[in-house]
Amino acid sequence: MSAQDEVIRRLNFLARETIDWDTVYREEFPRVYNFFRYRFGDGPRAEDLTSTTFERAWAKRGRYRHDRAAFSTWLFSIARNLAIDAYRRHRHTISLEDVELEAGLPAVEQQIQEQQDYFRLEQLLAQLPERERELVALKYGADLTNREIARLTGLSETNVGSILHRVVNKLRKQWEVTYG
Amino acid sequence: MDDNFLKQYRKQPDQAFAEAVYRKISVEERRVSTMNKLVFASIFILAVLGFTLGVSPRARGAALELIREVGGLRFMETSDYPGISENEEILGSTNVPLEEARRIFTGTISLPTFIPAGYNLDPEVELIDFQDGDLPMGIVNWKTNQDGKRRSLWLQIIYQTENVQNLAEVVGEGAMEEITINGKPATLLRGGWNYDTRSYDQDIPSLRIRWMYDERTIYDLNGSQAMGPEVLIRIAESIK
């Protein structure tokens with residue numbers, strides 16, 4: 001790319017720049033982070049993927065078209081693609097032991113109920129099929145609406161709702177059976 | 001187990017981690033921000049570079065035929081993407097307080113008396129010297145946050161010395177509209193060059209007005225199409 005090409009690229013960025021990155025960062029960073037936590041567990045991978053999502057969004061922000069999608073939808077499409085890639089790279093090596101390692105074993109002083117429950121939930125989530133865990137991560141980690149999830153995944157809004165309803169029921173039953 | 005149960009395990013990212021990522025992006029943002037402001041200047045001096053350096057008289061003559069005057073300024077209107085020049089140098093800018101900028105800038109820095117509510121004047125002016133000082137430029141910025149989006153407004157002031165000739169800006173076909181600002185001819189420009197499609201894109205939400213403030217000084221007021229031409233013209237007309 002010549003220097004002039006680079007200049008033109010910047011022009012393109014400039015003309016489309018309507019994003020307040022401070023606001024975006026403040027609002028979306030925790031949501032993206034929690035999407036990855038619910039997707040892969042509470043470990044360094046969630047931080048790495050969150051960081052990569054924002055760096056990639058920044059690098060590609062000239063391609064964001066506000067007339068086509070909400071910024072959060074665009075941002076989560078990047079996060080989702082990264083999650084899919086990460087899952088494909090690691091699916092043969094992920095096990096409950098990995099989940100335990102990534103989560104960090106609860107230290108004696110941290111053994112309060114909430115942490116135990118999260119650890120248990122994480123183990124149950126790790127056993128879900130990929131698509132179901134992704135929907136849980138988008139809904140409960142990222143706090144997206146069913147409509148936003150439908151736009152991202154290509155499923156219908158009704159389908160998203162019914163899958164999530166089924167998954168939550170399944171989790172509830174497994175919780176009762178496993179942890180009483 | 002219900003929705004609330006599942007949501008309660010969200011947590012805030014570690015502060016140090018969040019700040020580290022923010023810093024990484026912010027460093028890049030500052031670097032790009034400076035370059036962004038250079039873009040328009042680089043585009044319009046393309047014609048100067050192309051027509052005065054290393055071009056055969058015949059090619060130069062043909063190119064000059066494409067230049068026309070609209071609203072008292074020269075433009076080269078073409079559908080050909082202009083990002084083909086090599087050896088283009090990206091220059092740095094210097095930020096100085098407004099009063100200092102007024103003291104050292106060759107041209108007149110005159111600000112609008114009307115600015116839409118919510119826009120805040122950046123106390124510093126960016127100064128850039130193109131062509132070894134033959135084309136000094138000052139950029140005054142206003143910023144605002146509305147509905148979570150930043151909408152910027154900025155005024156480019158370009159002073160042409162005697163050494164600058166054939167100054168023209170390269171724009172896409174159909175982008176220009178001739179208007180007047182306080183009775184003086186001016187040009188309203190919509191859209192911008194799209195790097196992805198390599199064409200002039202009128203859907204790019206850029207809107208600006210360019211006019212000769214005095215014999216040597218070009219004023220180029222940049223807003224957004226969301227702001228609308230009426231507001232932008234009102235701002236321009238408040239510059240006396």
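Quick note on labels: first sequence line is chain A, next is B, and so on, each numbered from 1. Just so you know, these numbers use all the heavy atoms, side chains as well, and skip hydrogens, waters and symmetry mates.
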Q: Please confirm whether the backbone N or O of A:R31 pairs with a side-chain atom of B:R10, one donor and one acceptor, at under 3.5 Å?
A: no

Q: Kindly check if the number of other-residue, nucleotide or ligand heavy atoms within 6.0 Å of NZ (B:K7) is above 12?
A: yes

Q: Would you compute the distance between atom OH of B:Y9 and atom CZ of A:R37 and round it to the nearest 0.5 angstrom?
A: 11.0 Å

Q: Is there a side-chain contact between B:Q12 and A:Y33, using heavy atoms and a 4.5 Å cut-off?
A: no

Q: With sequence neighbours left out, write down each residue that passes side-chain contact (heavy atoms from CB on, under 4.5 Å) with B:D14, or none if nothing qualifies.
A: A:E47, B:A16, B:F17

Q: Check whether A:N169 gets within reach of chain B through its side chain, its backbone, both or neither, counting any heavy atom under 4.5 Å.
A: neither

Q: Does A:Y38 use its side chain to pair, donor to acceptor, with the backbone of B:L6 at less than 3.5 Å?
A: yes

